Amino acid sequence: MFVYPGAEDSVFFSEYLKNKKCKRMLDMGTGTGILANSVNATEIYCVDINPDAIEFAKKTLGENLKFKFIISDLFEQIGKNEKFDLIIFNTPYLDNEEPHDCAWTYMQNGEDIIKKFILQAIEHLEKNGEINILISDRGYEEYEIFCKENKIKWEKIMEKQLFFEKLFIVRLTL
C-alpha cells in the first residue's frame, strides 16, 4: 500500500503542532508519523488503516515507549473508554475521484470519512480536550455547518494559500 509521504499540508500542520503540549494524544492517519513527532505529549497513539504506514511510522519514530501504534479504520480498534486531550487528523480532503486511496480521498465506500471521524473523535475526547484537523477549502463550509448541526464548536486557527487550494487548521471542541 501507498504511504502518504507528507507535503505542504503536513509541514504546515506540524509547524502549528510543535507548540502543543498534552498528556494523551491520538494522531489519526499517522502516515509517516511526522505529526505525532511534532507534539509534546506523554502518550501518543499513532493510528492508521494502512499497515505499511504503521510500519513506516515505527521506523520513523523509533522505539520510544510513549508511542503506541495501532492499525485501525478510524476508531474501530480504540477502546470505547479511551479518552484523549488532543486528537489530530490531516484529513483525506481530496474529491471523490479515482483512485479512492484512503490517504487522500474523503469518500470511502459511500461514507464521508471526515464526518465519520468527527463524530467518533468527539466520543474519545476528554472534557477539556480538542480536536485539530487540517482541511482544504474543498468542503470547508460543509464541514463547518455539519459541526454546528452536531453542536461541535468550529474555530479556524490558521490558513495557508497554496497555488491550487487553501488549507485550514481547525480546532473542534464541545
Side-chain angles (χ1 to χ4, degrees), residues 4 9-10 12-31 33-49 53 57 66-94 102-160 165-174:
Y4 181 66
D9 55 349
S10 299
F12 173 52
F13 204 4
S14 67
E15 284 297 311
Y16 167 73
L17 291 170
K18 72 181 182 182
N19 297 315
K20 292 290 216 179
K21 290 184 180 183
C22 64
K23 289 184 181 179
R24 295 186 85 214
M25 184 194 89
L26 185 141
D27 176 13
M28 186 60 69
T30 198
I34 184 175
L35 299 181
N37 205 32
S38 300
V39 177
N40 182 359
T42 307
E43 189 176 14
I44 300 174
Y45 283 59
C46 300
V47 180
D48 206 296
I49 193 171
K66 76 177 182 177
F67 296 109
K68 298 186 181 352
F69 301 95
I70 301 170
I71 299 167
S72 182
D73 183 355
L74 297 178
F75 290 89
E76 283 182 2
Q77 301 302 315
I78 306 300
K80 296 232 183 265
N81 296 323
E82 294 283 353
K83 302 282 185 183
F84 301 91
D85 306 300
L86 177 63
I87 299 173
I88 63 173
F89 191 21
N90 183 353
T91 66
Y93 53 77
L94 294 183
C102 60
W104 58 69
T105 307
Y106 70 90
M107 287 298 287
Q108 295 292 320
N109 300 317
E111 284 189 288
D112 185 320
I113 296 303
I114 298 171
K115 289 179 180 178
K116 185 176 177 182
F117 162 80
I118 290 169
L119 293 177
Q120 290 180 6
I122 288 296
E123 297 298 317
H124 291 277
L125 201 57
E126 286 286 0
K127 184 179 180 184
N128 294 315
E130 66 182 63
I131 300 164
N132 293 167
I133 62 171
L134 184 133
I135 195 163
S136 111
D137 53 3
R138 305 173 195 188
Y140 177 92
E141 292 176 4
E142 177 185 347
Y143 294 112
E144 182 178 21
I145 292 167
F146 174 80
C147 285
K148 287 179 182 177
E149 290 173 348
N150 286 281
K151 297 178 177 35
I152 301 166
K153 184 179 176 191
W154 175 281
E155 180 185 359
K156 179 175 63 172
I157 302 299
M158 295 176 74
E159 63 184 74
K160 180 175 184 159
E165 68 186 337
K166 188 181 281 189
L167 299 177
F168 299 93
I169 296 173
V170 177
R171 177 186 297 132
L172 306 176
T173 55
L174 291 174

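What's counted below: heavy atoms across the whole structure, side chains too, no hydrogens, waters or symmetry copies. Because the structure is a prediction, the values reported are computed rather than measured.
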Side chain to side chain contact (heavy atoms under 4.5 Å, CB included) against [X], all qualifying residues, sequence neighbours excluded:
{"X": "Asp73", "answer": "Ile49, Glu76"}
{"X": "Lys21", "answer": "Asn40"}
{"X": "Thr42", "answer": "none"}

With sequence neighbours left out, the residues meeting ring-ring contact (aromatic ring centres under 6.0 Å, His included) with Phe89 are Phe117
Among all residues two or more places apart in sequence or in another chain, which pass the ring-ring contact (aromatic ring centres under 6.0 Å, His included) test with Tyr140? Trp154, Phe168
Shortest non-hydrogen separation from [X] to [Y] and the atoms involved:
{"X": "Val47", "Y": "Ser72", "value": "CG1-CB, 3.7 Å"}
{"X": "Asn90", "Y": "Ser10", "value": "ND2-OG, 3.4 Å"}
{"X": "Leu172", "Y": "Cys147", "value": "CD2-SG, 3.9 Å"}

Quick one: side chains of residues 118-134, donor-acceptor pairs under 3.5 Å with protein atoms, not counting sequence neighbours, listed by atom name and distance.
residue	atom	partner	partner atom	Å
Gln120	OE1	Phe75	N	3.3
His124	ND1	Glu82	O	2.8
Glu130	OE1	Arg171	NE	3.3
Glu130	OE2	Lys20	NZ	2.5
Glu130	OE2	Asn132	ND2	2.9
Glu130	OE2	Arg171	NE	3.2

Please say whether more than 12 non-hydrogen atoms of neighbouring residues, nucleotides or ligands are located less than 6.0 Å from NZ in Lys23.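 Result for NZ/Lys23: open.
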I'd like to know if the side chain of Asp48 and the backbone of Gly31 have a donor-acceptor N/O pair within less than 3.5 Å. yes
Checking the side chain of Asn150 only, and the main-chain atoms of Phe146 only, is there a donor and an acceptor separated by less than 3.5 Å? yes
Does a side-chain heavy-atom distance below 4.5 Å link [X] with [Y]?
{"X": "Ile88", "Y": "Phe13", "result": "yes"}
{"X": "Gln77", "Y": "Ile71", "result": "no"}
{"X": "Met25", "Y": "Phe84", "result": "no"}

Ion pair check, Lys115 and Glu142, cut-off under 4.0 Å: yes
